[in-house]
Amino acid sequence: MEVRFEKNIITGEEIEVIVKANRLTNNVKSLMAYINQFDQKPHRILPIKTNDSIIIVKVDDIILVDVQKKYVVNRNIDR
């Protein structure tokens, strides 16, 4: 595999990535998927384990988190 940088004043701040290969293999598809996900914002969710399950909470929905020793009290929009 060859990796190189080429300066391109036409694209400005935009990054252009071209993947060249003899065939469109699974490795090529995986690489392209990775590149496409590179600049995306991470998922803003938080898994929280309860006594009997795991709940998924959106970080934006959290109003307050109170930590007391090994217990966490979560206040969000739904609860």
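In terms of heavy-atom proximity, L46 sits nearest to I62 at CD2-CD1, 4.0 Å. When all heavy atoms of N8 and E16 are compared, the pair lying nearest together is ND2-OE1, 4.1 Å. Closest of all the heavy-atom pairs between R44 and D60 is NH2-OD1, 3.2 Å.
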### Query
Can R23 and V28 be said to form a side chain to side chain contact (heavy atoms under 4.5 Å, CB included), step by step?
CA-CA 8 Å; R23 293 181 296 118; V28 173; over 6 Å; no
### Task
Kindly determine whether I55 and K49 satisfy side chain to side chain contact (heavy atoms under 4.5 Å, CB included), including the steps that lead there.
CA-CA 6 Å; I55 59 172; K49 182 180 178 195; over 6 Å; no
### Message
Checking I48 against I54 for the side chain to side chain contact (heavy atoms under 4.5 Å, CB included) test, could you report, in this order, the C-alpha distance in whole Å, the side-chain angles of both residues, the deciding distance, and whether it holds?
### Response
CA-CA 5 Å; I48 299 174; I54 295 176; over 6 Å; no
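For the pair V57 and I45, the minimum side-chain heavy-atom distance is 4.5 Å or more.
Heavy-atom neighbours of I56 CD1 from other residues, nucleotides or ligands within 6.0 Å: above the threshold of 12.
Cluster membership for F38 and I15, using ILVMFWY side-chain heavy atoms within less than 4.5 angstrom, is not shared. V17 and L31 fall within a single hydrophobic cluster, where Ile, Leu, Val, Met, Phe, Trp and Tyr side chains are chained together by heavy-atom contacts under 4.5 Å.
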